[in-house]
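Report on the structure given below.
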Protein chains: 2
Amino acid sequence: MPNDIALDAIDRTILRDLQDDGRMTNVELARRAGLTAPPCLRRVRALEEAGVIEGYHAKLNSGALGYGITVFALVSLRSQAEDDLRLFEQHVAELAEVRECHMLNGEIDFILKIVAHDLQGFQQFLTSKLTTAPNVASVKTSLTIRTSKDVPGIPVDAA
Amino acid sequence: MPNDIALDAIDRTILRDLQDDGRMTNVELARRAGLTAPPCLRRVRALEEAGVIEGYHAKLNSGALGYGITVFALVSLRSQAEDDLRLFEQHVAELAEVRECHMLNGEIDFILKIVAHDLQGFQQFLTSKLTTAPNVASVKTSLTIRTSKDVPGIPVDAA
DNA sequence: GCTGAAAATACCTAGTA
DNA sequence: TACTAGGTATTTTCAGC
């Protein structure tokens with residue numbers, strides 16, 4: 001939504017630093033941005049208010065929490081009518097195992113990122129909650145062997 | 001790596017809260033966990049030290065920063081020898097447009113999440129930096145129409 | 001700049017092997 | 001007793017006005 005927000009170089013510096021370290025203190029943030037603390041804090045609040053900053057989150061180690069399995073599922077539906085697409089999105093919205101759901105163009109309608117404790121848990125999820133969902137024509141799944149890159153967010157250019 | 005860390009219910013509460021709000025103050029974190037501030041802070045530091053908490057990041061609105069395009073690329077290589085897999089991973093590690101790189105089982109070797117400012121920028125990236133990379137046999141790309149779910153992290157059960 | 005709150009350190013206490 | 005984990009007190013730093 002916030003496509004009309006004008007971001008100057010200072011804003012971009014702030015955003016880059018907060019994307020990199022979401023717990024950076026405001027004074028450090030201000031120092032890097034070349035500001036004193038109060039105007040820096042005002043900018044951060046404005047960026048939050050405008051929805052440019054959507055939230056702050058700790059990145060947790062999946063394996064340490066017992067989620068050893070990450071799977072990508074390529075889903076095709078029988079009907080691509082908007083109502084049916086929405087229904088599928090609502091269905092996966094309620095599944096905690098599904099962390100991401102992106103609608104795609106082309107033959108594949110959706111790509112899902114799914115986490116599970118182990119293969120058994122994933123298979124059970126797949127057969128009981130995904131392939132049996134209404135309107136699902138086909139599901140192709142691929143296990144993640146390893147993740148070599150997972151950079152949070154997007155590039156924030158200095159300019 | 002940290003697969004042998006024992007996490008009790010208090011740790012899980014802390015992790016869930018920090019995953020949900022990475023800038024929560026330590027006193028609030030402690031209050032929710034049923035602790036006073038100092039032992040809570042010690043737990044957080046220990047979790048960071050052990051690598052259970054990998055970092056803190058602000059989640060930014062892609063569109064507001066001019067990244068209107070998200071693409072998933074399914075990449076197959078000619079050789080799946082470990083050295084060749086590593087070389088490909090090293091190649092994409094240097095590409096800022098590539099935010100995620102997961103090695104998969106099956107016919108597809110890698111799935112990449114790629115961001116770009118617009119379609120032109122993406123096409124240029126694709127032809128100049130991805131399909132021409134050494135050892136790449138095929139690249140199938142799918143544009144993201146919309147993202148209906150993008151939950152940070154993983155489910156953290158109370159138990 | 002100023003004020004109240006939080007972070008961070010040092011130190012103390014209780015339970016357990 | 002040594003070890004582990006939480007609590008108390010104090011100082012320093014930061015958030016917010």
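Numbers restart at 1 for each chain; the letters A, B, ... are given by sequence-line order, proteins then strands.
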Self-check item: Exceeds 12 heavy-atom contacts within 6.0 angstrom, atom CD of B/E107
Solution: no
Self-check item: Non-hydrogen side-chain atoms of A/L130 and A/L112 separated by less than 4.5 Å
Solution: yes
Quiz item: Between B/D8 (CG) and D/dG6 (C1'), how many Å, whole number?
Solution: 12 Å
Practice problem: Using atom CZ of B/R43 as one end and atom P of D/dA5 as the other, report the distance to the nearest whole Å. | Solution: 8 Å
Exercise. Rounded off to whole Å, could you give me the CZ-to-P distance for the A/R42 and D/dC14 pair?
Key: 18 Å
Quiz item: Are any of the side-chain heavy atoms of A/D8 and A/R43 separated by less than 4.5 Å?
Solution: yes
Practice problem: Consider only side-chain heavy atoms of I, L, V, M, F, W and Y, link residues closer than 4.5 Å, and tell whether A/V44 and A/V156 are in one cluster. | Solution: yes
Self-check item: Segment of DNA chain C, first to last nucleotide, that comes within the 4.0 Å heavy-atom reach of chain B
Solution: C/dA6 to C/dT9
Protein N or O to nucleotides 2-4 of chain D N or O, pairs below 3.5 Å:
none

Name every donor-acceptor pair, under 3.5 Å, that has one atom in a side chain of residues 88-96 of chain A and the other anywhere in the protein, sequence neighbours excluded.
residue: A/E89; atom: OE1; partner: B/R146; partner atom: NE; Å: 3.4
residue: A/E89; atom: OE1; partner: B/R146; partner atom: NH2; Å: 3.1
residue: A/E89; atom: OE2; partner: B/R146; partner atom: NE; Å: 2.9
residue: A/E89; atom: OE2; partner: B/R146; partner atom: NH2; Å: 3.4
residue: A/H91; atom: NE2; partner: A/K129; partner atom: O; Å: 2.9

Quiz item: Partners of B/Y56 by ring-ring contact (aromatic ring centres under 6.0 Å, His included), sequence neighbours excluded?
Solution: none
Quiz item: Do any N or O atoms from the side chain of B/H102 and from the backbone of B/I111 form a donor-acceptor pair under 3.5 angstrom?
Solution: no
Practice problem: Output yes when B/E100 and A/K113 qualify as a salt bridge under the 4.0 Å nitrogen-oxygen rule, no when they do not. | Solution: yes
Self-check item: CD/B/Q124: more than 12 non-hydrogen atoms of other groups inside 6.0 Å
Solution: no
Practice problem: Mind jotting down which residue pairs meet the side-chain hydrogen bond (donor to acceptor under 3.5 Å, both in side chains) criterion with at least one end in residues 63-79 of chain B? Sequence neighbours excluded, please. | Solution: B/S79-B/D84
Self-check item: Selection: residues 22-36 of chain B, any non-hydrogen atom under 4.0 Å of DNA chain D
Solution: B/L35, B/T36
